[in-house]
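The structure appears right after this line, and notes come after that.
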Amino acid sequence: MRGAVATTRGLVLDVVRMRRAISRVELAEITGLTQATISTTVRSLLEDGLLSESGAREFTGGKPRVMLELNPRSRCAVGVALGADWIVITVVDATGSIVARTRVRGAREEAPTAVVARIAAHVDGLLVASGLPSEALIGLGLAAPGVVNIEAGTILESRSMSHWHDFPSREALAQATGLDVVIDNNAAAAAIGEFWGGGIGAATAHCTIFMGASIGAGIVLNGSVYRGASGNAGAVGPLRLGGAAGWNPLATVEEQAGPRAVAARVRAAIARGRTTVIDRPESAENPFADFAAVATAAIHGDPLGVSLIEESAEYLVDAVLLLANVLDLDSVVLAGPSFSIAGSIYQDVVSRRLAADFYAKARHGVTVRLSAQISDAAAIGSAALVLQRELAPRS
């Protein structure tokens with residue numbers, strides 16, 4: 001295994017989790033471990049309740065092989081995606097599936113201490129509703145927007161939540177919930193969530209493009225998050241590129257492709273008298289409501305809506321192509337609330353451009369998918385960070 005190295009237990013759990021059901025013989029063949037090592041490791045995992053022997057049998061002509069499965073409720077984690085407009089809280093089992101979920105008012109206006117108390121109350125409620133035994137819960141993951149200090153557990157910079165700067169987010173949430181807390185940025189969390197839940201298959205070099213109010217990239221190489229020197233790799237939004245037609249070289253990817261940019265263009269088009277089914281809100285400007293209206297119109301075939309979303313996608317794909325070429329990606333997933341309505345249009349544009357212009361296309365293609373949990377990807381992924389650290393740590 002290249003890159004970060006998993007422990008023997010972690011390697012076995014990773015293979016069982018990805019295969020869903022597998023025999024001991026197959027485990028030895030895939031991992032390269034000896035049958036004796038597999039037997040010892042599997043016995044330990046069965047004793048800890050992490051694995052179970054299913055009633056299914058694999059018949060190969062000789063003695064039927066007992067199949068091993070991951071016990072989903074053996075370990076669970078809480079995932080929290082912190083946002084200015086919405087906070088998503090999930091309880092996720094060992095396979096990466098949602099056990100319980102809620103979405104509550106965001107953190108834009110309240111003081112961080114009040115938001116933390118509110119999150120803790122919702123976590124308690126979800127855990128009671130899920131009926132999980134306390135010993136199964138192993139921690140809480142916090143996915144945050146902006147620049148984070150993973151070691152200190154703080155948000156260093158966030159355009160939408162400036163009052164959270166340097167607030168001890170991890171420590172405060174740990175004290176409020178009584179759980180061990182890990183923190184990461186929302187794109188990195190979403191990327192490891194795709195890996196843990198099996199959304200990237202056997203991909204070696206994967207990137208999740210996360211678009212909410214801002215745009216980021218989470219990078220997973222050989223099953224491990226690539227975080228860079230400070231834990232803030234994948235800052236796609238601030239890039240300045242000039243490949244797309246009409247690109248303003250003074251503008252960033254986020255300023256060209258993001259929801260605010262699309263909202264500004266639709267307002268300008270309507271002001272010029274462009275015919276469209278898109279309604280311009282009468283109240284104070286809300287760029288995210290405008291963006292949602294454009295996306296909704298686009299999937300219903302409104303010409304202006306389609307052109308604006310495709311334009312956004314063309315700007316975005318310049319950054320995706322850059323990442324794909326630099327990292328030699330074989331997998332891209334689109335995640336985040338801004339892809340929740342018109343994600344299929346973005347997927348089509350990105351797929352088409354990568355098929356045409358990816359540097360290593362003669363060697364392999366790049367699979368482009370929409371996340372199975374587009375809006376909840378960061379919350380699920382933050383829980384997956386906890387699960388990976390506990391069940392399949394990599395050094």
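Basis for what follows: all heavy atoms, side chains included, without hydrogens, waters or symmetry-related copies. In this chain, numbering begins with 1 at the start of the sequence shown.
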Close side-chain approach of M67 to E26, heavy-atom, < 4.5 Å: yes
Quick check: do I38 and T31 have side-chain heavy atoms less than 4.5 Å from each other? yes
If the condition is side chain to side chain donor-acceptor pair (under 3.5 Å), which residues does E254 pass it with, not counting sequence neighbours? R159
Pairs satisfying ring pair (Phe, Tyr, Trp, His ring centres under 6.0 Å), at least one member in residues 179-225, at least two apart: none
For S214, all residues meeting side chain to side chain donor-acceptor pair (under 3.5 Å), sequence neighbours excluded: none
Kindly give the heavy-atom pair with the smallest separation between Q35 and V25, and that separation in Å. NE2-CA, 3.7 Å
Across all chains, not counting sequence neighbours, the side chain to side chain donor-acceptor pair (under 3.5 Å) partners of D348 are none
Just jot down the salt bridge (charged side-chain N to carboxylate O under 4.0 Å, His left out) partners of R369, sequence neighbours excluded, or say none. none
Side chain to side chain donor-acceptor pair (under 3.5 Å) involving R20 - partner list, sequence neighbours excluded: none
With sequence neighbours excluded, tell me which residues meet salt bridge (charged side-chain N to carboxylate O under 4.0 Å, His left out) with D48. R9
Inter- and intrachain pairs under salt bridge (charged side-chain N to carboxylate O under 4.0 Å, His left out), touching residues 75-89, at least two apart: D85-R108
Are the side chain of E310 and the backbone of I345 linked by a donor-acceptor contact shorter than 3.5 Å? no
On a heavy-atom basis, the closest approach of A144 and V148 is CB-CG1, 4.0 Å
Donor-acceptor pair, T296 side chain versus A292 backbone, under 3.5 Å? yes
Has the side chain of S382 got a donor or acceptor atom that lies under 3.5 Å from a matching backbone atom of G141? yes
In the structure I gave you, are the side-chain heavy atoms of V88 and R101 within less than 4.5 Å of one another anywhere? yes
Suppose the criterion is ring pair (Phe, Tyr, Trp, His ring centres under 6.0 Å): which pairs have a residue in residues 142-167, not counting sequence neighbours? W164-F167
Between R24 and E53, does any NZ, NE, NH1 or NH2 come within less than 4.0 Å of an OD or OE carboxylate oxygen? yes
Considering only distance and modelled atom types, tabulate donor-acceptor pairs under 3.5 Å from the side chains of residues 124-133, sequence neighbours left out.
from, atom 1, to, atom 2, distance (Å)
S130, OG, L126, O, 3.3
S130, OG, L127, O, 2.9

Is there a donor-acceptor pair under 3.5 Å between the side chain of R17 and the backbone N or O of A94? no
Qualifying side chain to side chain donor-acceptor pair (under 3.5 Å) pairs with a residue from residues 176-187, counting only residues at least two apart or across chains: D180-R389, D184-R227
Please check this pair: side chain of N71 against backbone of G49, looking for a donor-acceptor N/O pair closer than 3.5 Å. yes
Under a 3.5 Å cutoff, is there a donor and acceptor pairing between the side chains of Q256 and R265? yes
Would you find a donor on one side and an acceptor on the other, under 3.5 Å apart, between the side chain of K361 and the backbone of A356? yes
For the student: nearest non-hydrogen atoms of A205 and L327, plus distance: CB-O, 3.9 Å
Show me the pairs that pass ring pair (Phe, Tyr, Trp, His ring centres under 6.0 Å) and involve residues 318-354, at least two apart or across chains. F339-Y346
Taking all non-hydrogen atoms of both residues into account, name the closest pair between I270 and T276 and its distance. CG1-CG2, 4.0 Å
Going by heavy atoms in the side chains, are M161 and I155 under 4.5 Å from each other? yes
Does the side chain of T34 come under 3.5 Å of the side chain of T37 through a donor N or O and an acceptor N or O? yes
R118 and E110, any side-chain heavy atoms less than 4.5 Å apart: yes
Can you tell me if E47 uses its side chain to pair, donor with acceptor, with the backbone of S44 under 3.5 Å? no
R353 bridged to D318 by N-O distance under 4.0 Å: yes
Give a yes or no answer on whether the side chain of D376 reaches the backbone of I380 with a donor-acceptor pair at less than 3.5 Å. no
